[in-house]
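I have placed the structure first, in the form of structure tokens, so that the comments after it can refer back to it.
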Amino acid sequence: MPPKIERGHVALAVVQVLFALFPVFGKVAFDSGAFTPFTMTVWRIAFGSVSLLAVALLVHGRRAIPRLADVPVLFLCSFLGVTANMILYLEGLTRSTATNAGLMMCLIPVFTFVIASAVRQETFHATRALGVVVALAGAAALRWNDDPDLAGAHALGNLLMVMNTLSYSIYLVVSRPLLKRIPPLALIAWVFVLALPFVPFLVRGAPLVPDAPARAWWALAFIVVFPTSVAYLLNAWALQRLRASTTAMYVYVQPLITGVVSRYWLGEKLTRGTLVAGSCIFAGIWLVARRPRADEPAPLEAGG
């Protein structure tokens with residue numbers, strides 16, 4: 001394997017670890033009661049905007065500045081990929097478990113293929129249709145998990161995270177044409193920057209610097225630095241060296257890491273129902289994202 005390709009795979013592996021740890025650290029921050037999904041979203045938007053735009057301008061210079069005609073679409077991408085995406089995810093996380101959050105993120109490649117097929121960016125075959133059904137059945141199976149608490153109190157949280165993956169998947173499809181004119185790193189930077197106008201509506205009088213324990217602040221610091229900025233930077237770097245569709249297969253790693261860490265750090269239970277649901281979601285992803293035959297078009301290239 002050429003060094004360029006090998007480094008790309010290493011970067012993608014690190015990205016999956018950082019994203020997998022996000023729900024674990026999110027639960028730690030929320031358990032303090034000091035941070036809300038809205039205040040955490042504001043922290044992520046603020047830090048991500050500054051750090052990602054600075055790096056994008058440093059790397060790409062004037063190429064990092066989008067055309068005026070692209071700004072309306074970038075605003076839409078910002079709402080779908082950052083504002084709505086983060087709020088739905090964090091609101092869902094507060095109502096569910098980190099383990100479930102890891103599994104729900106696996107639906108992103110599934111929804112992305114469905115939406116891309118609907119707008120004819122991707123070829124939709126019977127095998128992929130079966131994969132969509134199997135993956136969604138796995139997600140729905142979490143509603144009837146062995147643990148009665150997960151079946152009831154966490155049902156809304158799971159639904160919000162499904163909506164989160166749908167929002168992000170629409171963002172991936174909408175943003176794809178922009179990648180022909182805007183470097184991936186610059187695109188994600190502006191998606192964060194254009195989310196800043198939503199900040200006043202997100203704060204809603206809540207303190208951005210609450211009286212929280214050190215454990216919660218360290219968890220927030222990890223979230224805004226690593227899953228927010230470092231992961232996106234590494235992902236953009238890897239996509240310049242690998243086919244973006246490779247990330248669809250790497251997503252398998254996230255729920256495994258999240259499940260193990262959540263069990264030993266947060267004491268979450270890994271029930272038979274969770275294993276069955278996860279197996280269905282994994283099988284669905286494989287059917288949807290498996291490598292097409294030589295006479296078929298390449299799968300949708302989209303980052304995570």
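Side chains included, hydrogens not; waters and symmetry mates left out as well; all remaining heavy atoms used.
Side-chain atoms of Tyr171 and Val191, non-hydrogen and from C-beta on, do get closer than 4.5 Å to each other. Counting only heavy atoms from C-beta outward, the side chains of Asn235 and Ile188 never approach each other to under 4.5 Å. Contact annotation: the side chain of Thr41 never approaches that of Thr83 to less than 4.5 Å [non-hydrogen atoms, C-beta and beyond]. Side-chain contact between Met104 and Asn164 is absent, with no heavy atoms from C-beta onward closer than 4.5 Å. Residues Arg215 and Ser32 have side chains not in contact (no heavy-atom distance under 4.5 Å, counting atoms from C-beta outward). Counting heavy atoms from C-beta on, the side chains of Leu172 and Tyr168 come closer than 4.5 Å. Trp237 has its side chain within reach of Arg7: a pair of non-hydrogen atoms, C-beta onward, lies under 4.5 Å apart. Inter-residue side-chain proximity for Thr228 and Leu52 is flagged as unmet; no heavy-atom pair is nearer than 4.5 Å.
Between Phe19 and Phe22, the gap from one ring centroid to the other reaches at least 6.0 Å.
To the nearest 0.5 Å, the span separating CG on Leu57 from CG on Leu53 amounts to 4.5 Å. Note that the CG atom of Asn158 and the OG1 atom of Thr97 stand 7.0 Å from one another [nearest 0.5 Å]. A distance of 12.5 Å separates OG1 of Thr39 from CZ of Arg44, quoted to the nearest 0.5 Å. Going from atom SG of Cys77 over to atom CG of Asn85 covers 12.0 Å, rounded to the nearest 0.5 Å. Expressed to the nearest 0.5 Å, how far CG of Asn100 lies from CZ of Arg95 amounts to 14.5 Å. Taking CG from Asp70 and CH2 from Trp190, the interatomic distance works out to 12.0 Å, rounded to the nearest 0.5 Å.
Within a 6.0 Å radius of CZ in Phe79, no more than 12 heavy atoms belonging to other residues, nucleotides or ligands are found.
The closest donor-acceptor contact from the side chain of Thr258 to the backbone of Thr99 lies at 3.5 Å or more, if one exists at all. In this structure, the side chain of Gln254 does not engage the main chain of Met105 through any donor-acceptor pair within 3.5 Å. Formation of a donor-acceptor pair under 3.5 Å by the Ser262 side chain with backbone atoms of Gly259 is not found in this model. With Thr165 contributing its side chain and Ile108 its backbone, the two residues share no donor-acceptor pair below 3.5 Å. Between the side chain of Ser78 and the main chain of Leu74, no donor-acceptor pair closer than 3.5 Å is present.
Closest of all the heavy-atom pairs between Ala29 and Phe35 is O-CD1, 4.0 Å. Shown here for Gly8 and Ala238, the closest heavy-atom pair between the two residues is O-CB, 3.7 Å. Scanning both residues, Ser96 and Lys27, for their nearest heavy atoms gives O-NZ, 2.8 Å. The heavy-atom pair separating Ala84 from Ser167 by the smallest distance is CB-OG, 3.9 Å. Across Pro23 and Tyr89, no two heavy atoms sit closer than the pair CB-OH, 3.3 Å. Residue Phe111 comes nearest to Ser169 through the heavy atom pair CB-OG, 3.2 Å, listed as atom of the first residue, atom of the second, then distance.
Linking Ile, Leu, Val, Met, Phe, Trp and Tyr residues whenever their side-chain heavy atoms come within less than 4.5 Å places Leu68 and Phe75 in a single cluster. Under a hydrophobic-cluster definition in which Ile, Leu, Val, Met, Phe, Trp and Tyr are linked whenever side-chain heavy atoms come within less than 4.5 Å, directly or via other members, Trp43 and Leu93 are assigned to the same cluster. Phe198 and Leu76 end up in the same hydrophobic cluster when Ile, Leu, Val, Met, Phe, Trp and Tyr side chains are linked at under 4.5 Å. Val119 and Leu178 fall within a single hydrophobic cluster, where Ile, Leu, Val, Met, Phe, Trp and Tyr are joined by side-chain heavy atoms under 4.5 Å apart, directly or via other members. Linking Ile, Leu, Val, Met, Phe, Trp and Tyr residues whenever their side-chain heavy atoms come within less than 4.5 Å places Val14 and Val230 in a single cluster.
Under the 30°/60° scheme for interplanar angles, the aromatic rings of Phe192 and Tyr232 are found to stand perpendicular.
For the side-chain contact (heavy atoms from CB on, under 4.5 Å) criterion with Pro37, the lone passing option out of Leu160, Leu202, Leu90 is Leu90.
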